[in-house]
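Quick notes on the structure that follows.
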Amino acid sequence: MVFRGRLSGLLRHPDFLKLWAGQSISLVGSQVTRLALPFTAILTLHATAAQMGILGAVQLAPFLFLGLFVGVWVDRVHRRPILIAADIGRALLLLAIPLLALTHTLRIEYLFIVGFLLGTLELFFDVAYMSFLPSLIEREQLVHGNSMLQMSDSVAQVAGPGIGGALVQLLTAPVAILIDALSYLASAISIMTIGAREEPVQRDARRDAWGEMREGLRLVVGNPLLRAVAGCTATLNLSANALFTVYMLYCTGSLGLKPALIGAIFAAGGLSTVAGTLLAGPAASRFGVGPMLIASPFLIGLASFLIPLAGGPPLVAIPLLLTAQVLFGIGRPIFDINQLSLRQAITPGRLQGRVNASMLFIIWGVIPIGSLLGGLLGTTIGIRQTLAVGAAGMSLAFIWVLFSPIRTLRRQPVGLTQDAA
C-alpha cells in the first residue's frame with residue numbers, strides 16, 4: 001500500500017512526469033546509438049580493437065578529468081538549464097555524424113572527438129539530473145522515482161537495440177544515429193516545460209573550487225556506505241567495460257553474428273531489466289537493502305562468465321549470450337536503483353552536485369581505463385581471453401559491499417542529512 005501510494009503520487013506529479021517523459025524518449029534513442037556508434041566505427045570505418053578501445057575511453061574520459069569540477073559548478077547554479085543545454089548540444093553533435101558519412105568525409109578521429117564531447121555533455125546532464133531529482137520529489141519517493149526512470153531505461157533496452165540493429169542493417173549505422181539526435185531534442189523540449197522552482201543557490205557560502213571539490217570527495221570516501229557503493233560500482237564498470245570493448249568484435253568476428261541479431265540479443269535481454277526494475281523496491285523491502293546490494297552484483301559477476309563460454313557454433317553461442325543479458329538485466333537495475341536512492345537520501349541538498357560528481361568521478365572515471373585495457377588486452381592476448389579477464393573482475397565486485405556496514409542495512413534511510421553523512 002505504501003508503494004502504491006507513493007507511486008500514484010508520482011503519477012499525479014506533473015513536473016516529474018515531464019522529466020520522465022523526456023528521459024523515456026531520449027533513452028530509446030541512446031540505445032540506438034549504443035549499437036550504431038560502434039557499428040559506424042566497425043562497419044563503416046573498419047576500426048581495430050585498439051581503436052574501439054580508444055573510442056570507448058574518450059566517451060568516459062570527461063568523467064575522470066572534469067567530473068569534480070562539474071560537481072562544484074552544478075552546486076553553484078540552477079540545474080534545469082544545464083539539462084536543457086546538454087540535450088541540445090548532444091543532438092547537434094550526433095546530427096553531424098550522418099552528414100559527414102553522406103559526404104564521405106567521416107573519419108575515426110572525428111568519432112573520437114564527438115565521443116569526447118558527447119561524454120562531456122553527458123557528464124553535465126547526469127550530475128545535474130541526479131541532483132535535480134531530490135529537489136523535484138520528496139525523499140520518501142526517491143526509490144519509486146528512480147524505479148520509474150529505470151523502467152524507462154529497461155523498456156528502452158528492449159526497444160532500442162532491436163530498432164538500432166534493424167536501422168543499422170537497413171540504413172547504415174551513421175544514418176541510424178539520427179534517431180538519437182531527435183530524441184535529445186524531444187527531451188530538451190519536455191524539460192523546458194517543467195515549472196518547479198529550484199532552491200536558491202547559496203552564493204554567499206562559496207569557498208574556493210578546490211575546497212568544494214575536496215568536500216564532496218571526502219564525503220564519498222569517508223562515508224562507509226558511499227565508499228562501499230563506489231568501490232563495488234567502480235569494479236563492475238572497470239571490468240565490464242574491458243569486456244564490452246571487444247564484445248562487438250567478438251560477436252561480429254569470432255561468432256559471425258549479424259547486426260540485427262546482435263540487436264535482438266540485447267533487446268531480448270532488455271526484457272529482463274523490466275523485471276529487475278519492478279523487483280528493485282519490493283526485493284529490498286522483503287530481503288533488505290543490504291542483502292540485495294550484495295546479491296545483485298554477485299549475480300552480474302556470475303553472468304559475465306557466460307560470454308567467453310559462448311565460443312562455439314551459433315546454436316550454442318546465442319543461448320549463452322541471451323542468458324548473460326537476462327541475468328545482467330535482472331541484477332543491474334536492482335543494484336543501481338537501491339544504491340542511487342541510498343546516496344541521494346543520505347546526502348544534504350547543498351552537496352548533491354559534488355557528491356554525485358565525486359561518485360561519477362570514481363565509478364565512471366574508471367571506464368576509460370577499462371576501455372583502454374580492453375583494447376590493449378584484445379590486441380595482445382586475444383579477444384576471448386579479454387572477455388574472461390573482464391568476467392573475473394566483475395565477479396569480485398560484490399566483496400566491497402559484503403565487508404561494509406551496508407550488509408546489515410534493512411531499509412533505505414530517509415531524511416538523513418549532514419550528521420548522518
Side-chain angles (χ1 to χ4, degrees), residues 2-4 6-11 13 16-17 19-35 129-130 133 137 141-166 179-180 183 186-187 190 233 236 240 244 247 260-287 289 291-293 295-304 306-307 318-342 412:
V2 175
F3 180 88
R4 289 182 179 178
R6 290 172 183 167
L7 184 59
S8 62
L10 289 178
L11 292 175
H13 194 305
F16 174 79
L17 292 177
L19 179 66
W20 185 34
Q23 276 294 90
S24 299
I25 295 170
S26 68
L27 284 168
V28 174
S30 296
Q31 287 295 322
V32 173
T33 296
R34 183 186 176 191
L35 283 179
Y129 156 75
M130 287 184 287
L133 184 63
I137 62 178
Q141 298 174 311
L142 282 172
V143 170
H144 308 303
N146 285 320
S147 294
M148 291 175 69
L149 290 160
Q150 181 64 49
M151 178 62 73
S152 296
D153 189 36
S154 301
V155 172
Q157 289 183 43
V158 176
I163 295 171
I179 302 298
D180 195 13
S183 75
S187 175
S190 180
T233 313
L236 278 177
F244 281 105
Y247 183 83
L261 180 56
I262 298 171
I265 290 172
F266 276 103
L271 285 170
S272 66
T273 65
V274 177
T277 301
L278 291 173
L279 287 170
S285 298
R286 175 72 180 275
F287 301 106
V289 173
M292 296 315 300
L293 286 176
S296 50
F298 180 76
L299 177 65
I300 294 168
L302 285 182
S304 64
L306 297 178
I307 296 175
I318 292 172
L320 288 173
L321 294 177
L322 275 173
T323 303
Q325 291 295 327
V326 167
L327 296 178
F328 286 153
I330 293 172
R332 194 71 201 226
I334 293 174
F335 179 75
D336 285 345
I337 290 169
N338 283 290
Q339 65 88 6
L340 175 58
S341 300
L342 172 63
Q412 285 284 1

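Hydrogens, waters and symmetry mates play no part in the numbers below; they use all other heavy atoms, side chains included. Values in this document were obtained by computation on a predicted structure and should not be read as measured data. Counting begins at 1 with the first residue of the sequence.
- Considering all non-hydrogen atoms of both residues, Ala280 and Pro333 come closest at CB-O, 4.1 Å.
- Inter-residue side-chain proximity for Leu327 and Leu302 is flagged as unmet; no heavy-atom pair is nearer than 4.5 Å.
- Inter-residue side-chain proximity for Arg332 and Thr273 is flagged as unmet; no heavy-atom pair is nearer than 4.5 Å.
- Here the closest heavy-atom approach between residue Pro297 and residue Met292 is recorded as CD-O, 4.2 Å.
- Within the 4.5 Å cutoff, the side chain of Ser304 has heavy atoms near those of the Phe328 side chain.
- The aromatic rings of Tyr247 and Phe244 are tilted relative to each other, their planes meeting at an angle between 30° and 60°.
- Here the closest non-hydrogen pair linking Gly331 and Ser296 is O-CB, 3.3 Å.
- For the pairing with Ile318, the side-chain contact (heavy atoms from CB on, under 4.5 Å) check across Leu321, Leu320, Leu322 returns one residue only, Leu322.
- Heavy atoms only, all atoms of each residue included: Met148 and Trp20 are closest at O-NE1, 3.0 Å.
- Expressed to the nearest 0.5 Å, how far OG1 of Thr323 lies from CG of Leu306 amounts to 6.0 Å.
- Contact detail for Ser187 and Gly22: the closest heavy-atom pair is CB-O, 3.4 Å.
- Taking all atoms of both residues into account, the shortest heavy-atom contact from Ser272 to Gln325 is OG-O, 3.6 Å.
- Looking at Leu299 and Phe335, their side chains never come closer than 4.5 Å, going by heavy atoms from C-beta outward.
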